[in-house]
Amino acid sequence: MQTVFEKSVKGKRGVTIAPAEVEKYDFNEKYLRDELVLPELAEVDVVRHYTALSKRAFGVDDGFYPLGSCTMKYNPKLHEEIAAMKGFADAHPLTRADKVQGSLAVIDTLSAYLAGITGMDAVTLQPCAGAHGEYTALLLVAAYHKSRGQSGRNKIIVPDSAHGTNPASAAMAGFEVVSVKSDADKGVDIEDLKRVVGDDTAALMLTNPTTLGLFEKNIIEIAEIVHNAGGLMYYDGANLNAVMGVVRPGDMGFDLVHLNLHKTFSTPHGGGGPGSGPVGCKAPLAKFLPNPRVIRTDKGFRYGTGKNSVGKVSSFYGNFGVYVKALAYIVTLGGVGLRASAETAVLNANYLREKIACFYPADNDRPCMHEFVLSMKKLKDETGVSAIDVAKAMIDEGIHPPTMYFPLIVEEALMFEPTETESKETLDHVADVLRGIIERAYTDPESLHSAPHNAAIRRPDEVKAARNPVVRE
């Protein structure tokens with residue numbers, strides 16, 4: 001497919017720019033480019049080019065998108081319309097507080113709802129992504145321990161099955177990362193946890209349900225071990241979609257939590273954003289939350305600052321449009337609906353898991369939560385067909401591949417997350433497709449090694465692409 005520059009024809013124009021209505025400003029020459037090369041195309045050429053490009057992309061509106069741990073669920077278009085309402089979309093972040101009372105009410109109300117859903121006492125919406133939320137929460141951890149004269153608590157404990165952003169965020173926040181092993185049930189190994197906690201423990205970062213899609217059955221004991229050592233419990237909210245409205249992180253013993261509004265609360269996930277990673281905390285940590293804060297008073301809402309705050313972590317107050325969608329989602333569903341959403345996500349995952357169990361055995365025999373992990377090791381040993389071969393073959397069937405080779409503690413891993421928005425009919429179709437791929441693995445493995453056959457991009461050399469990426473034409 002030609003690039004838009006290759007399609008350029010000198011003299012073609014797709015837009016006529018009106019004469020400026022303001023006085024011309026002469027910029028210093030050192031700030032100006034010598035030339036600006038833009039493609040010359042008619043409007044119809046531009047529309048057709050980008051429409052053709054869009055047809056090569058795959059999103060959750062196109063088909064089944066079971067990218068494990070990413071919660072790629074369908075999001076109601078109604079919430080997009082609400083976020084696009086003029087009063088929300090046109091509000092400038094520098095507008096005086098008394099002129100945007102409705103927007104500040106959204107922030108205050110959503111913060112209160114998220115605090116209730118998670119069992120926290122205070123929430124900031126400022127962080128713009130999940131990892132940004134992790135980093136912000138860890139700044140709170142550091143400030144909390146420093147305020148108590150315990151700056152020596154410089155170690156963050158991270159399970160070996162954790163998302164890669166956990167150790168990365170901890171390192172960026174200035175902590176040393178300590179790994180804790182998984183036990184035979186794929187939960188935190190209690191004895192190993194007891195071995196690594198101590199006077200230098202700042203916090204344990206934990207996802208529950210875990211990255212393997214399993215509820216951490218020893219969570220109360222784990223929290224007691226960390227708290228008794230003087231550390232804090234941090235909840236990675238990546239998998240909240242499985243438990244929202246059912247159980248609250250604050251009731252499990254967690255002191256801090258980050259959420260992904262762009263995964264759980266009705267904002268499309270992927271494509272670079274926009275995201276939102278609010279952070280909630282228990283009362284002892286609230287004074288460290290980022291500034292500015294929205295304060296409710298008898299005369300309305302205003303911005304406020306706290307002298308113990310870790311400071312600003314986002315331009316203005318984060319991605320406001322995402323807040324509107326999240327609030328609309330929560331108000332639309334209500335408490336009963338949120339719980340039903342989580343329960344359906346768990347039901348769908350267990351249904352698909354059992355539907356394919358006879359030919360795709362799961363990595364463990366415990367009922368899963370919202371996602372599950374398969375191991376293709378046996379299939380690879382017997383046929384030479386790997387996890388990536390199976391994933392690539394799914395593309396030819398109009399299905400987005402699941403997460404591949406993660407978590408690292410499972411060999412030849414494929415992680416599926418069907419989400420609550422998929423129908424039984426879709427899940428049955430996916431099971432049939434997966435069954436067909438298994439049959440081909442034993443009868444025609446070569447066709448899987450070369451899959452996909454119908455995609456715009458076939459089978460790139462992934463090692464070369466990772467080491468020597470080509471990021472521009």
Side-chain angles (χ1 to χ4, degrees), residues 56 58 62-70 72 160-164 181-182 184-186 210-214 349-366 368 371-418 422 426-470:
R56 292 190 168 204
F58 189 95
D62 296 292
F64 189 56
Y65 208 129
L67 200 63
S69 221
C70 285
M72 303 294 288
D160 59 8
S161 64
H163 293 101
K181 299 176 182 177
S182 296
D185 289 331
K186 296 299 194 299
T210 68
T211 305
L212 288 159
L214 302 173
N350 278 280
Y351 178 77
L352 181 59
R353 180 178 180 270
E354 289 301 313
K355 188 86 175 176
I356 63 176
C358 59
F359 46 94
Y360 284 99
D363 177 62
N364 59 81
D365 57 5
R366 289 175 58 189
C368 67
E371 63 189 9
F372 57 90
V373 179
L374 307 177
S375 173
M376 298 293 106
K377 183 178 185 306
K378 181 175 181 291
L379 181 68
K380 185 177 182 181
D381 291 343
E382 293 179 352
T383 68
V385 172
S386 64
I388 195 170
D389 292 331
V390 173
K392 296 294 187 182
M394 293 172 66
I395 296 175
D396 282 332
E397 302 293 338
I399 299 173
H400 194 282
T403 297
M404 298 177 284
Y405 298 112
F406 184 78
L408 301 178
I409 61 175
V410 178
E411 291 188 70
E412 292 294 320
L414 290 179
M415 186 197 305
F416 286 79
E417 183 179 357
E422 299 299 340
T426 296
L427 299 181
D428 288 339
H429 168 67
V430 172
D432 290 341
V433 168
L434 291 172
R435 183 183 296 106
I437 292 174
I438 281 287
E439 292 171 354
R440 285 171 57 195
Y442 286 93
T443 60
D444 186 14
E446 188 54 41
S447 69
L448 298 177
H449 295 323
S450 56
H453 303 102
N454 303 320
I457 298 177
R458 298 282 294 279
R459 193 72 173 251
D461 183 331
E462 296 180 358
V463 174
K464 182 179 179 180
R467 293 179 177 175
N468 303 292
V470 179

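In terms of heavy-atom proximity, Leu374 sits nearest to Tyr360 at CD2-O, 3.5 Å. Considering every non-hydrogen atom in both Asn364 and Arg353, the closest pair reads O-NH2, 2.6 Å. For the residue pair Lys380 and Ser386, the shortest heavy atom distance occurs at CD-CB, 4.1 Å. For Ala455 against Ile395, the heavy-atom pair with the smallest separation is CB-CG2, 4.0 Å. Across all non-hydrogen atoms, the minimal contact from Asp389 to Arg459 is OD1-NH2, 2.5 Å. The minimum heavy-atom distance between Leu214 and Cys368, with the atom names listed, is CD2-CA, 4.4 Å.
A salt bridge between Lys377 and Asp363 is absent, with no side-chain N of the basic residue lying under 4.0 Å from a carboxylate O of the acidic one. Ion pairing of Arg435 with Asp432 is present here, as a side-chain N (NZ or NE/NH1/NH2) and a carboxylate O approach within less than 4.0 Å.
For the atom pair CG of Asp444 and OG1 of Thr383, the computed distance is 11.0 Å after rounding to the nearest 0.5 Å. If you take SG on Cys70 and NE2 on His163, they are separated by 7.5 Å, rounding to the nearest 0.5 Å. Here the CG atom belonging to Asp381 is positioned 12.0 Å from the CE atom belonging to Met376, to the nearest 0.5 angstrom. The structure places CG of Leu212 at 8.5 Å from CZ of Phe406, a figure rounded to the nearest 0.5 Å. Atoms CG and CG, from Leu379 and Leu414 in turn, are 9.5 Å apart once rounded to the nearest 0.5 Å. Atom-to-atom distance recorded for His453:NE2 and Leu448:CG is 7.5 Å, nearest 0.5 angstrom.
Inter-residue side-chain proximity for Ile388 and Glu462 is flagged as met; some heavy-atom pair is nearer than 4.5 Å. Side-chain contact between Asn350 and Phe372 is absent, with no heavy atoms from C-beta onward closer than 4.5 Å. Counting only heavy atoms from C-beta outward, the side chains of Met394 and Pro402 approach each other to under 4.5 Å. At least one side-chain heavy atom of Val385 sits under 4.5 Å from a side-chain heavy atom of His449. For the pair Asp428 and Tyr351, the minimum side-chain heavy-atom distance is below 4.5 Å.
Using a distance-only test at 3.5 Å, with no hydrogens or angles considered, a donor-acceptor pair links the side chain of Thr211 to the main chain of Ser161. In this structure, the side chain of Glu371 does not engage the main chain of Gly68 through any donor-acceptor pair within 3.5 Å. A distance-only check finds no donor-acceptor pair linking the side chain of Arg458 to the backbone of Ala451 [under 3.5 Å]. With hydrogens and angles ignored, the 3.5 Å screen pairs a side-chain donor or acceptor of Glu412 with a backbone N or O of Ala387. Not a single donor-acceptor pair under 3.5 Å links the side chain of Asp160 to the backbone N or O of Lys181.
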Exercise for the section: For the pair Lys186 and Ile409, evaluate side chain to side chain contact (heavy atoms under 4.5 Å, CB included) and give the outcome as yes or no after the intermediate values. Expected result: CA-CA 9 Å; Lys186 296 299 194 299; Ile409 61 175; 4.2 Å; yes
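More than 12 heavy-atom neighbours from other residues, nucleotides or ligands sit within 6.0 angstrom of CD on Glu382. Other residues, nucleotides and ligands place no more than 12 heavy atoms under 6.0 Å from the CG atom of Asp365.
Residues satisfying the ring-ring contact (aromatic ring centres under 6.0 Å, His included) test with His400, not counting sequence neighbours, are Phe58, Tyr65.
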